[in-house]
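The structure appears right after this line, and notes come after that.
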Amino acid sequence: MPTPTQNLALWLDERCAFLRHLETEAFEVMQKQGDEERYRQLMLQKTLFIAALPDEAADLVKALPADKAQRVADRLGAFQRGAENALDLNSVFYMSALLYPDEHKPGDPNNLERLATEVKGWG
């Protein structure tokens, strides 16, 4: 039977994969088709998806040891606040930058992927 940490790691991996797929589609829509409206829709979908992460993960997070639960809750909460700010500003640029640190380079993991890697390291 999987541990609470393994359950959370799997959940995070699934969310990361979905976001990678969404961002790949958005890149292709914008770069290859020049469809700004579809790009905006995809970025809005990304932002709403990120905003929902803490609520969706609540039961998984509660099952963790208290110190780890707090760390994950804090990180997911920060992602949610960023998404809510992007929605408030209605900024496609801000939406596209969600989860990426300022020093991000193409191919580097985003912050959700970094969290997933950290959780996997907990065993």
Side-chain angles (χ1 to χ4, degrees):
M1 180 161 203
T3 67
T5 300
Q6 289 169 331
N7 286 333
L8 178 62
L10 177 62
W11 182 87
L12 287 167
D13 280 345
E14 290 169 351
R15 270 70 196 160
C16 290
F18 175 79
L19 285 171
R20 274 191 303 275
H21 173 77
L22 191 69
E23 289 182 326
T24 298
E25 181 181 351
F27 177 81
E28 290 176 2
V29 160
M30 192 62 168
Q31 297 300 316
K32 295 180 181 175
Q33 300 169 16
D35 188 343
E36 291 181 28
E37 182 54 33
R38 179 68 181 138
Y39 180 79
R40 174 179 269 290
Q41 291 169 357
L42 291 166
M43 288 299 100
L44 179 59
Q45 183 181 357
K46 171 189 173 181
T47 304
L48 293 171
F49 184 83
I50 293 168
L53 291 175
D55 292 335
E56 290 182 6
D59 290 340
L60 294 168
V61 172
K62 286 179 193 173
L64 297 172
D67 61 327
K68 293 188 178 2
Q70 188 62 54
R71 176 146 178 81
V72 172
D74 289 348
R75 298 278 297 280
L76 293 177
F79 300 157
Q80 181 183 50
R81 286 188 298 281
E84 289 170 348
N85 286 339
L87 291 169
D88 288 345
L89 295 170
N90 196 27
S91 168
V92 176
F93 174 76
Y94 196 168
M95 292 177 193
S96 70
L98 289 172
L99 299 179
Y100 291 98
D102 292 339
E103 70 280 358
H104 183 266
K105 295 178 181 92
D108 286 352
N110 66 37
N111 289 332
L112 188 62
E113 292 166 333
R114 290 175 190 214
L115 177 59
T117 298
E118 180 180 337
V119 169
K120 288 176 203 168
W122 295 342

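Note that CD of Glu118 is 5.5 Å distant from CZ of Arg75, once rounded to the nearest 0.5 Å. Atom CD of Glu84 sits about 12.0 Å away from atom CG of Leu89, to the nearest 0.5 Å. Separation of atoms CG (Asp13) and CG (Leu112) is listed at 9.0 Å; rounding is to 0.5 Å. The distance from the CD atom of Gln6 to the CG atom of Leu10 is 9.5 Å, given to the nearest 0.5 Å. Taking CG of Leu44 as the start and CG of Asn90 as the end, the distance is 8.0 Å to the nearest 0.5 Å. From Lys68, atom NZ reaches atom OG1 of Thr5 across 7.0 Å, with rounding to the nearest 0.5 Å.
The shortest side-chain heavy-atom distance between Asn111 and Leu115 does not fall under the 4.5 Å cut-off. Two residues are said to be in side-chain contact when any heavy atoms from C-beta on lie closer than 4.5 Å; Leu48 and Leu87 meet this criterion. For the pair Trp122 and Val72, the minimum side-chain heavy-atom distance is below 4.5 Å.
In this structure a side-chain-to-backbone donor-acceptor pair under 3.5 Å is present from Lys46 to Ser96. Of the possible polar contacts, one joining the Arg81 side chain to the Gly77 backbone as a donor-acceptor pair under 3.5 Å is found.
Of all the heavy atoms in Thr47 and Ala86, the pair that sits closest is CG2-CB, 4.2 Å.
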>> side chain to side chain contact (heavy atoms under 4.5 Å, CB included), that's the test. Do Leu99 and Arg114 meet it? Break it down for me.
In response: CA-CA 10 Å; Leu99 299 179; Arg114 290 175 190 214; over 6 Å; no

>> Pair Arg40, Met43 - check side chain to side chain contact (heavy atoms under 4.5 Å, CB included), show working.
In response: CA-CA 5 Å; Arg40 174 179 269 290; Met43 288 299 100; 5.8 Å; no

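Listed by first and then second residue, the ring pair (Phe, Tyr, Trp, His ring centres under 6.0 Å) pairs that reach into residues 63-116 are Tyr100-His104, sequence neighbours excluded.
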For residues 49-65, please give each side-chain donor-acceptor pair under 3.5 Å, one per line with the distance, not counting sequence neighbours.
none

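Phe27 and Phe18 sit in two unconnected hydrophobic clusters of ILVMFWY residues. Membership requires side-chain heavy atoms under 4.5 Å apart, directly or through other members.
Under the side chain to side chain contact (heavy atoms under 4.5 Å, CB included) rule, Leu42 has a single partner from Glu28, Met30, Glu25, Glu23, which is Glu25.
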